[in-house]
Amino acid sequence: MAEIIDGKQLSKQIRHNVGERVAEIKESYGKVPHLVVVIVGDNPASLSYVKRKKRDSERAGMKSTIIHKEASISEEELLEIVRELNEDPDVHGLLVQLPLPSHMDSDKVIETIRKEKDVDGFHPLNIAAVHTGAKGILPATPKGVLSMLKGLDVDLVGKEAFVIGTSNIAGKPIGMLLLEEKCTVTYAHSKTRDLKPHARHADIIVSAAGVVNLVTADMVKEGCIVIDVGINRVEGKLVGDVDFEGVKEKASYITPVPGGVGPMTIASLLENTLECFEHLEGIE
Ligand code: NAD
């Protein structure tokens with residue numbers, strides 16, 4: 001029977017640590033990190049994420065601003081807003097909430113964000129840093145997954161890790177971070193012929209596909225660590241990619257959905273904002 005990794009609790013601890021550091025810096029330097037979130041349009045899920053980011057950053061003692069624009073603004077107008085925020089010395093962390101309206105090129109918008117303020121870690125140079133092992137800003141969800149794994153009393157070196165999903169924001173960087181930890185990493189994607197032989201071999205499974213019931217008990221070996229990044233909505237309820245009830249009987253550790261990876265993503269975002277602030281302000 002698996003131990004459940006409590007993402008809510010871990011994230012609370014991380015947010016508390018960030019808050020303490022922010023208070024310390026405020027005391028010594030009289031400044032706090034400022035996170036700006038730009039949102040375009042009225043996607044209800046995006047609006048609620050953005051509000052949560054503002055709430056949690058303020059709770060950690062940071063300054064936070066939401067810039068909310070109509071879905072009808074042009075791409076150039078949005079790029080101009082980003083360029084101004086890039087130049088603004090009072091802004092330390094900057095993110096543009098995705099998805100953007102279809103008339104905008106998200107890649108172009110993200111590439112325009114100054115990489116030193118890119119708290120989402122989506123800028124191509126920050127993504128490249130994950131792949132080369134160079135110093136950069138880690139994307140929030142992969143960073144949260146790594147924090148969870150490192151928080152376990154488990155040596156990651158030499159572990160067989162199976163990562164399902166290869167997107168640039170989740171699967172691919174998660175696998176690269178595990179590779180940096182000296183895991184042996186196998187990736188799967190929608191064209192992988194059969195997940196089972198890879199999964200059954202794995203010491204760690206991370207599923208980031210967005211497919212309900214993708215990982216079932218028969219695929220998992222006894223004692224495997226299972227991290228569920230997936231967020232799916234089934235009859236109004238949030239569920240992950242993993243058949244939690246079945247898999248928890250065989251895994252050694254497992255993350256629930258909700259209350260697993262999700263809360264860690266925001267905690268990592270706050271850590272990134274603090275890191276950007278310290279870097280930009282030259283604070284050790
Ligand atoms: P995406 O659609 O960009 O990528 C999905 C990946 O899964 C692709 O590589 C695809 O090939 C693979 N895939 C799809 N079906 C598959 C199958 N049947 N077998 C194997 N691989 C399959 O999605 P994403 O943005 O990477 O997000 C993935 C999931 O993680 C979604 O459910 C998303 O909501 C969730 N997510 C959660 C958080 C969080 O904070 N918890 C953050 C980001 C993404």
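In listed order, ligands and their atoms are each counted from 1. None of the values given here were measured: they were computed from a predicted structure.
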Atom indices of ligand 1 within 4.0 angstrom of Ile169 heavy atoms, with elements: 25 (O)
Proximity winner for atom 11 (O) of ligand 1, if only heavy atoms of Ala140, Gly171, Ser190 are counted: Ser190
Options Gly7, Ser167, Pro142, Ser207, ranked by nearest heavy atom to atom 23 (O) of ligand 1, top entry: Ser167
Nearest protein heavy atom to atom 37 (C) of ligand 1, by residue and atom, and its distance? Val229 O, 3.1 Å
Decide whether Lys143 and Asn272 meet the rule of one side-chain donor and one side-chain acceptor closer than 3.5 Å. yes
So which heavy atom in the protein is nearest atom 15 (N) of ligand 1, and how far is it from that ligand atom? Val211 CG2, 3.5 Å
Numbered atoms and elements of ligand 1 in range of Thr166, under 4.0 angstrom, heavy atoms: 6 (C), 8 (C), 9 (O)
Residue pair Leu94, Asp118: steps toward the side chain to side chain contact (heavy atoms under 4.5 Å, CB included) verdict: CA-CA 6 Å; Leu94 167 58; Asp118 168 40; over 6 Å; no
Is Ile231 close to ligand 1, meaning an N/O of one under 3.5 Å from an N/O of the other? yes
At what distance is the nearest protein heavy atom to atom 19 (N) of ligand 1, and which residue and atom is it? His189 O, 3.8 Å
Does Lys108 pair with Glu111 as a salt bridge, N-O distance under 4.0 Å? no
For ligand 1, is any non-hydrogen atom under 4.0 Å from Thr141's backbone (N, CA, C, O), its side chain (CB onward), both, or neither? side chain
Tell me whether Glu58 is salt-bridged to Lys54, with the criterion being a basic N under 4.0 Å from an acidic carboxylate O. yes
Can you name the atoms of ligand 1, numbered from 1 with element, that are less than 4.0 Å from a heavy atom of Ile164? 20 (C), 21 (N)
Arg200 and Asp218 ion-paired at < 4.0 Å: no
Is atom 2 (O) of ligand 1 close to the protein, meaning a heavy atom under 4.0 Å from it? no
Atom indices of ligand 1, in the order listed, that fall short of 4.0 Å to a heavy atom of Gly165: 6 (C), 7 (O), 9 (O), 12 (C)
Nearest-0.5 Å distance, CD of residue Glu281 to SG of residue Cys276: 11.5 Å
Write out all pairs satisfying ring-ring contact (aromatic ring centres under 6.0 Å, His included) with one or both partners inside residues 113-146, taking only residues at least two apart or from two chains. none
Just which atoms of ligand 1 are under 4.0 Å from any heavy atom in Ala170? 26 (O)
Is any side-chain N of the basic residue among Arg114 and Glu116 closer than 4.0 Å to the acidic one's carboxylate O? yes
Going by the order shown, which atoms of ligand 1 are within less than 4.0 Å of some heavy atom of Gly210? 29 (C), 31 (C), 32 (O)
Any chance the side chains of Asp88 and His34 put a donor and an acceptor closer than 3.5 Å? no
Going by the atom numbers of ligand 1, which of them fall below 4.0 Å from some non-hydrogen atom of Thr265? 39 (C), 40 (O)
Do Glu181 and Lys150 sit within salt-bridge range, that is, some charged N less than 4.0 Å from a carboxylate O? yes
Going by the order shown, which atoms of ligand 1 are within less than 4.0 Å of some heavy atom of Gly262? 40 (O), 41 (N)
Just need the protein heavy atom nearest to atom 18 (N) of ligand 1, so name the residue and atom and give the distance. Leu214 CD1, 3.6 Å
Looking at Glu278 and Lys31, does any basic side-chain N land under 4.0 Å from a carboxylate oxygen? no
When distances are taken from atom 28 (C) of ligand 1, the protein heavy atom at minimum range is Ala208 O, 3.4 Å
What do you reckon, does Thr192 put a non-hydrogen atom under 4.0 Å from ligand 1? no
Atom 5 (C) of ligand 1 has as its nearest protein heavy atom Ala209 O, 3.6 Å
So the ring-ring contact (aromatic ring centres under 6.0 Å, His included) pairs with at least one residue in residues 134-161 (sequence neighbours excluded) are none
